[in-house]
**Q** 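Shown below is the structure under consideration.
In what follows, chains carry the letters A, B, and so on, assigned in the order in which the sequence lines appear, proteins first and then strands, with residues in each chain numbered from 1. None of the values given here were measured: they were computed from a predicted structure.
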Amino acid sequence: MIEVRLPDGSVKKYDVGVSLAQIAQDAGRRDALVAKVNGELRDLTARLDQDAAVEFLAFDDPEGREVYWHSSAHLLAQAVKDLFPEAKLAIGPPIDEGFYYDINIGRPFTPEDVERIEAHMRELAKRDQPIERVEIPREEAIRTYGTMGEKYKLELLDEIPDARVSFYRQDGFMDMCRGPHLPRTGLINAIKLLSTSGAYWRGDEHRDMLSRIYGVTFPSQEQLDEFLQQLEEAKRRDHRRLGKELKIFAFAQELGQGLPLWLPRGATVRRILENYITDLELQRGYHHVYAPDLASVELYKISGHWDYFRESMYPPMQVDNEELVLKPMNCPHHIMIYKQEQRSYRHLPVRIAELGRMYRYERSGTLAGLQRVRSMTLNDAHIFCRPDQVKAEFAAVVGLIQDVYRDFHISDYRLDLSLHDPKDRQYYHQDEELWKAAEGLLREALDELGLAYHAVIGGANFYGPKLDVQVHTATGKVETLSTIQLDFLLPRRFELEYIGEDGKAHRPVMIHRAIISTMERMMAFLIENYAGDFPAWLAPEQARILPIADRHLEYAHKVRDRLAGEGLRVEIDDSNERISYKVRRGQLERVPYMLVAGDKEAQSGQVAVRSRSAGDLGAVPIEQFLERIRHEITSKA
RNA sequence: GCCGCUGUAGCUCAGUGGUAGAGCGCCUCACUUGUAAUGAGGGGGUCAUCGGUUCGAAUCCGAUCAGCGGCUCCA
């Protein structure tokens, strides 16, 4: 007999060899998809031969869902193999929201193919086949896959050192897999294949282009419907759609790809953002500068951008005896500003900031609305400091980020510690000592602040490691908003110095940082985060006066002048329309306040206030409304 | 850049080999209006661009450009 301990603390005795499925059934866990035995995920079909702590995971558990989607990927592969026996399977993992499988059938999947595959998956699921784990000797696996011509599987097998490898079998279909998996295909009820795309084998653009099919599955149709509805909701938040609707920015084919136009309303919001962050930085000891958009190639040869960043730069243009490029980064310029005077240790840190316009050649397929563009203005700054000041400066930047995020109500983010990949000799400078020093220092600084982060190998810049603040876009992608980068390299390349207490020259450390990202990306993020409803302090139009009839126009102008005189952004809807129509238009254009002005209001010096979110608030004196919106603006509510 | 999909009026979309349509927006007129659409009339598209097939192309084919979903890359 063995003892099984369940999460509720109860202990049950079982015969050796009892299946986890049996235990789940006894525990009344009909929703169990997979088990965790002594903290390790196991198939429900697995058997126990010694005492263990067992818990069961259902679909509502992230790990349970992962298994569910992993098995769904197998089901997809099985369906494809049935319909396209010549298909070569690559990999099919679960992802955050669903799963995919990379497959090569020698041509892309057509929408019709996908429909057939989806239908066939349903059929296979309905057959409710048991999913079994089998372990076979490595040699046998190589032989089998060899005769099947499964070249991707063979390559994967190459990297598995174990003598025996595990496979999962359902209904005659076998796939090499570590598992675990669902016990039966019948648990997969609601199936939707979402999209197809090309994907390089092993993510390497020099290798085979495979066809990837994305899908998602749920235990019930209701859950699937809800998921699909959420996708629709997300589309409504998409900054590309809202940006057009709300006349914030635009692209023109005649202008070129990735080159956004800021329309008046967007420009207004941008100006507020720029003033906001500039003021904050000035308060915190930054000095704002301006640098030209063009610079000599020489500058970037010194910095190393020419060697490491050239493919993201626009090609140089020859003018007279100079070779000029559009600047892809602001750091070398700020370095030149640092070098304008001899610096003493007493002057450090020197914090040089700029809303720096940059141009980067991004590959056309990567451009996305304002999230990824080719001309952008970065809320950039470079802090030149002594080594002993790095941690304090780092902490100050983190503090600034936290303050700013509070103002913008940003709470859903993740910290990535982006480190260099020593194997990538192409992109990273080769001084391992410098990497060690910079990365070590960054980790220390983070640990001292008690910040939770996760490390990303290969995420660093060529000159140093960084801390990236990652946020989600409406379409579910992850983008960097803020970044803090530690750099020991450029000070050396530019031979930066400060005179120390000892009267000798020392080398400063550089911190590159961006708080509200580029104006473009921040704008995209804010549109999505607020779903188009900018709070009053950011709204391009804060209030709109709606005269009831023509005879109220004069009063409307008086109100406008009063409010505009206070610095508010106010318009009058003087169109020949009924009030309900003007209200409707104001709501659709997301104006935070509408001020209705009719006979009553004109007589009493009032406005009937309508809030975008709360509706009709009744008539109040103009001064009272002013007080209300002023408070709302200063509190950034 | 690569793979796939898409491209019709300012916007959202219908039209699938036989000389271009709707709703909204825009303009004009009337109504002078009280919190999410007043009514009537009007203007507006070389159907992304270029080339081909055809008696005839928005429709079929090719190329180019742009957008979208991914891959790769990144603020």
Side-chain angles (χ1 to χ4, degrees), chain A residues 100 102 107-111 114 194-214 235 238 240-241 244-245 247 250-258 309 311-312 328-330 356 358 360-373 376-380 418 427 458-459 461 466 468-469 475 477-483 485 512 514-522 524-525 546-553 576-588 594-601 608-612 615-619:
Chain A
Y100 68 79
D102 283 348
R107 63 169 178 86
F109 290 101
T110 65
V114 174
L194 297 167
S195 62
T196 59
S197 80
Y200 302 111
W201 169 230
R202 311 226 108 175
D204 185 339
E205 59 182 317
H206 303 294
R207 307 196 63 176
D208 288 1
M209 174 66 79
L210 309 171
S211 294
R212 175 172 298 180
I213 302 177
Y214 284 91
K235 263 190 213 156
D238 192 316
R240 290 168 294 195
R241 177 195 174 96
K244 186 186 273 187
E245 261 176 34
K247 300 193 165 99
F251 290 92
Q253 205 174 117
E254 295 86 337
L255 242 149
Q257 269 189 299
F309 204 69
E311 61 180 42
S312 297
M329 283 193 185
N330 305 305
M358 321 182 293
R360 294 186 186 176
Y361 171 72
E362 300 288 349
R363 304 225 254 175
S364 60
T366 69
L367 300 172
L370 282 185
Q371 260 149 17
R372 172 150 239 91
V373 289
M376 68 213 92
T377 299
L378 184 65
N379 162 225
D380 208 356
S418 297
Y427 188 68
N461 276 332
K466 56 181 180 163
D468 289 328
V469 184
T475 46
K477 274 177 279 203
V478 171
E479 291 279 14
T480 303
L481 206 61
S482 308
T483 182
Q485 314 176 349
H512 310 234
I515 309 297
I516 58 168
S517 187
T518 59
M519 297 310 113
E520 288 75 14
R521 183 169 290 177
M522 186 65 178
F525 175 78
L546 313 183
I548 298 273
D550 290 349
R551 64 176 179 281
H552 308 117
L553 266 174
N576 229 346
E577 295 289 347
R578 276 141 187 79
I579 199 68
S580 54
Y581 184 83
K582 294 184 184 182
V583 166
R584 176 184 157 78
R585 182 150 63 189
Q587 288 289 139
L588 291 176
M594 280 177 265
L595 309 176
V596 177
D599 290 330
K600 282 178 278 178
E601 290 78 13
V609 179
R610 183 193 166 96
S611 134
R612 173 181 61 196
D616 192 350
L617 299 177

**Q** Please report the C-alpha distance between A:Asp599 and A:Ile548 in whole Å, then the side-chain angles of each, then the deciding distance to 0.1 Å, and finally whether the side chain to side chain contact (heavy atoms under 4.5 Å, CB included) criterion is met.
**A** CA-CA 8 Å; A:Asp599 290 330; A:Ile548 298 273; over 6 Å; no
**Q** Does the side chain of A:Ser580 get closer than 4.0 angstrom to OP1 or OP2 of B:rU38 through an N or O atom?
**A**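 Affirmative; the distance criterion is met.
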**Q** Would you indicate, yes or no, if B:rG4 has its OP1 or OP2 atom less than 4.0 angstrom from a side-chain nitrogen or oxygen of A:Ser197?
**A**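 False: A:Ser197 side-chain N/O out of range (4.0 Å or more) of B:rG4 OP1/OP2.
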**Q** A:Asn461 side chain N/O closer than 4.0 Å to the phosphate oxygens (OP1, OP2) of B:rA75?
**A**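 It does, given that an N or O in the side chain of A:Asn461 lies less than 4.0 Å from OP1 or OP2 of B:rA75.
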**Q** Quick one: label A:Asn576 by what it contacts on the DNA or RNA (base, sugar-phosphate, nothing), any heavy atom closer than 4.0 Å.
**A**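 Base, at least one base heavy atom under 4.0 Å.
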**Q** Got a donor-acceptor pair under 3.5 Å from the side chain of A:Arg372 to the base of B:rC74?
**A**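 When only heavy-atom distances are counted, A:Arg372 does reach the base of B:rC74 through a donor-acceptor pair under 3.5 Å.
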**Q** Using OP1 and OP2 only, check whether a side-chain N or O of A:Tyr581 sits under 4.0 Å from B:rU32.
**A**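 Checking A:Tyr581 against B:rU32: no side-chain N or O falls below 4.0 Å of OP1 or OP2.
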**Q** Mind checking the C1' distance from B:rG41 to B:rU49? Whole angstroms is fine.
**A**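 Per the computed distance, 36 Å lies between those C1' atoms.
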**Q** Base, sugar-phosphate, or nothing: which does A:Arg585 touch, judged by heavy atoms less than 4.0 Å apart?
**A**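 Sugar-phosphate only.
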**Q** Begin with the C-alpha distance, continue with both residues' side-chain angles, and end with the deciding distance and a verdict on side chain to side chain contact (heavy atoms under 4.5 Å, CB included) for A:Gln587 and A:Arg610.
**A** CA-CA 10 Å; A:Gln587 288 289 139; A:Arg610 183 193 166 96; 3.1 Å; yes
**Q** So which one's nearest nucleotide on RNA chain B is more toward 5', A:Phe251 or A:Asp468?
**A**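 The residue whose closest nucleotide sits nearer the 5' end is A:Phe251.
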**Q** So what does A:Gly365 touch, heavy atoms closer than 4.0 Å: a base, only the sugar-phosphate, or nothing?
**A**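 Base: the residue A:Gly365, judged by heavy atoms under 4.0 Å, touches a nucleobase.
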**Q** Distance check, P atoms only: B:rG17 and B:rC61, in whole angstrom units.
**A**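 Taking atom P in both B:rG17 and B:rC61, they lie 12 Å apart.
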**Q** So for A:Tyr200 and B:rG1, does any side-chain atom that can act as donor or acceptor lie under 3.5 Å from a complementary atom in the base?
**A**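 Yes, a donor-acceptor pair under 3.5 Å.
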**Q** Using a 4.0 Å heavy-atom cut-off, does A:Glu479 contact any base of the nucleic acid, only the sugar-phosphate backbone, or nothing at all?
**A**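 Answer is base: heavy atoms of A:Glu479 come under 4.0 Å of a base.
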**Q** Can you see if the side chain of A:Lys582 gets near the phosphate of B:rA37 - specifically, an N or O under 4.0 Å from OP1 or OP2?
**A**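 So the side-chain polar atoms of A:Lys582 never come under 4.0 Å of the phosphate oxygens OP1 or OP2 of B:rA37.
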**Q** Can you find a donor-acceptor pair, distance only, under 3.5 Å between A:Glu601 side chain and B:rG34 base?
**A**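 In this structure, the two groups form a donor-acceptor pair.
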**Q** Classify A:Thr480 by what it touches in the nucleic acid, base, sugar-phosphate, or nothing, heavy-atom distance under 4.0 Å.
**A**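 Sugar-phosphate: the residue A:Thr480, judged by heavy atoms under 4.0 Å, touches backbone atoms but no base.
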**Q** By nearest atom, which of the nucleotides B:rA36, B:rG70, B:rG1 is closest to the A:Arg212 side chain?
**A**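 The closest nucleotide is B:rG70.
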**Q** Check every strand shown and say whether A:Lys247 touches a base, only sugar-phosphate, or nothing at a heavy-atom separation below 4.0 Å.
**A**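 Touches nothing.
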**Q** For residues A:Lys235 and A:Arg241, report the shortest heavy-atom separation together with the two atoms involved.
**A**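 Nearest pair, atom of A:Lys235 first, then A:Arg241: O-CD, 3.4 Å.
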**Q** Base, sugar-phosphate, or nothing for A:Thr518, non-hydrogen atoms under 4.0 angstrom?
**A**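 Answer is base: heavy atoms of A:Thr518 come under 4.0 Å of a base.
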**Q** Scan A:Gln257 against the nucleic acid and name what it touches under 4.0 Å (heavy atoms): base, sugar-phosphate only, or nothing.
**A**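 Answer is sugar-phosphate: A:Gln257 comes under 4.0 Å of backbone atoms only.
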**Q** Within the 4.0 Å heavy-atom criterion, would you say A:Ile579 contacts the bases, only the backbone, or no part of the nucleic acid?
**A**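 Here A:Ile579 touches the backbone only, sparing every base.
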**Q** Among B:rA75, B:rU35, B:rC71, which nucleotide has an atom closest to any side-chain atom of A:Arg360?
**A**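 Taking heavy atoms from C-beta onward, the closest nucleotide is B:rA75.
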**Q** Expressed in angstrom and rounded to an integer, what is the separation of A:Arg578 atom CZ from B:rU33 atom C1'?
**A**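 Atom CZ in A:Arg578 sits about 5 Å away from atom C1' in B:rU33.
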**Q** Counting side-chain heavy atoms from CB outward, which of B:rA75, B:rU33, B:rU35 is closest to A:Leu378?
**A**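 From the listed options, B:rA75 comes nearest.
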**Q** Inspect the contact between A:Glu205 and A:Arg363 and indicate whether a charged nitrogen and a carboxylate oxygen are less than 4.0 angstrom apart.
**A**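 Yes, charged N to carboxylate O under 4.0 Å.
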**Q** Taking any heavy-atom pair under 4.0 Å as a contact, classify A:Ser195: base, sugar-phosphate, or nothing.
**A**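 Sugar-phosphate, backbone atoms only, no base.
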**Q** Are side-chain heavy atoms of A:Arg107 and A:Ser211 found at a separation under 4.5 Å?
**A**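 The answer is no, as the side chains (C-beta and beyond) never meet within the 4.5 Å cut-off.
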**Q** Heavy atoms only, 4.0 Å cut-off, all strands: where does A:Glu311 land among base, sugar-phosphate and nothing?
**A**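 Nothing, no nucleic acid heavy atom in range.
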**Q** Contact class for A:Asp208 (heavy atom, under 4.0 Å): base, sugar-phosphate, or nothing?
**A**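 Touches nothing.
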**Q** C1' atom, B:rG44 versus B:rA9: distance in rounded Å?
**A**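 Their C1' atoms lie roughly 6 Å apart.
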**Q** Between A:Ala199 and A:Tyr361, name the one whose nearest nucleotide on RNA chain B is closer to the 5' end.
**A**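 Nearer the 5' end of the strand: A:Tyr361.
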**Q** For B:rC71, does OP1 or OP2 lie under 4.0 Å from any side-chain N or O of A:Tyr214?
**A**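 So the side chain of A:Tyr214 is within the cut-off, an N or O lying under 4.0 Å from OP1 or OP2 of B:rC71.
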**Q** Provide the Watson-Crick or G-U wobble partner of B:rU53, both distances under 3.5 Å; none if there is no partner.
**A**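 Per the H-bond distance test, none.
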**Q** At less than 4.0 Å, is any side-chain N or O atom of A:Arg584 found next to OP1 or OP2 of B:rG34? Yes or no.
**A**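 So the side chain of A:Arg584 is outside the cut-off, no N or O lying under 4.0 Å from OP1 or OP2 of B:rG34.
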**Q** How is A:Leu588 classified with respect to the nucleic acid when contacts are heavy atoms under 4.0 Å: base, sugar-phosphate, or nothing?
**A**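 It contacts base atoms.
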**Q** Over all strands shown, is A:Asp599 touching base, sugar-phosphate only, or nothing at heavy-atom distances under 4.0 angstrom?
**A**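 Base: the residue A:Asp599, judged by heavy atoms under 4.0 Å, touches a nucleobase.
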**Q** Choosing from B:rU35, B:rU32, B:rG69, which nucleotide comes nearest the side chain of A:Val583?
**A**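 Side chain of A:Val583 sits closest to B:rU35.
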**Q** Before accepting this row, confirm whether a basic side-chain N of the pair A:Asp204/A:Arg202 lies closer than 4.0 Å to the acidic partner's carboxylate O.
**A**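 Looking at A:Asp204 and A:Arg202, the cut-off is not met.
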**Q** Taking CD from A:Gln371 and C1' from B:rG67, how many angstroms apart are they, rounded to a whole number?
**A**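 Going from CD in A:Gln371 over to C1' in B:rG67 covers 15 Å.
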**Q** For the side chain of A:Val596, counting heavy atoms from C-beta on, which of B:rC11, B:rC73, B:rG34 is nearest?
**A**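 Of all the options, the side chain of A:Val596 is nearest to B:rG34.
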**Q** Is any side-chain nitrogen or oxygen of A:Lys466 closer than 4.0 Å to OP1 or OP2 of B:rA75?
**A**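 True: A:Lys466 side-chain N/O within range (under 4.0 Å) of B:rA75 OP1/OP2.
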**Q** Would you sort out whether A:Met376 and A:Leu378 count as a side chain to side chain contact (heavy atoms under 4.5 Å, CB included), showing the intermediate values?
**A** CA-CA 6 Å; A:Met376 68 213 92; A:Leu378 184 65; 5.6 Å; no
**Q** Side chain of A:Arg551, heavy atoms from C-beta onward: which of B:rU32, B:rG70, B:rC11 has the nearest atom to it?
**A**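 Of the options given, the side chain of A:Arg551 lies nearest B:rU32.
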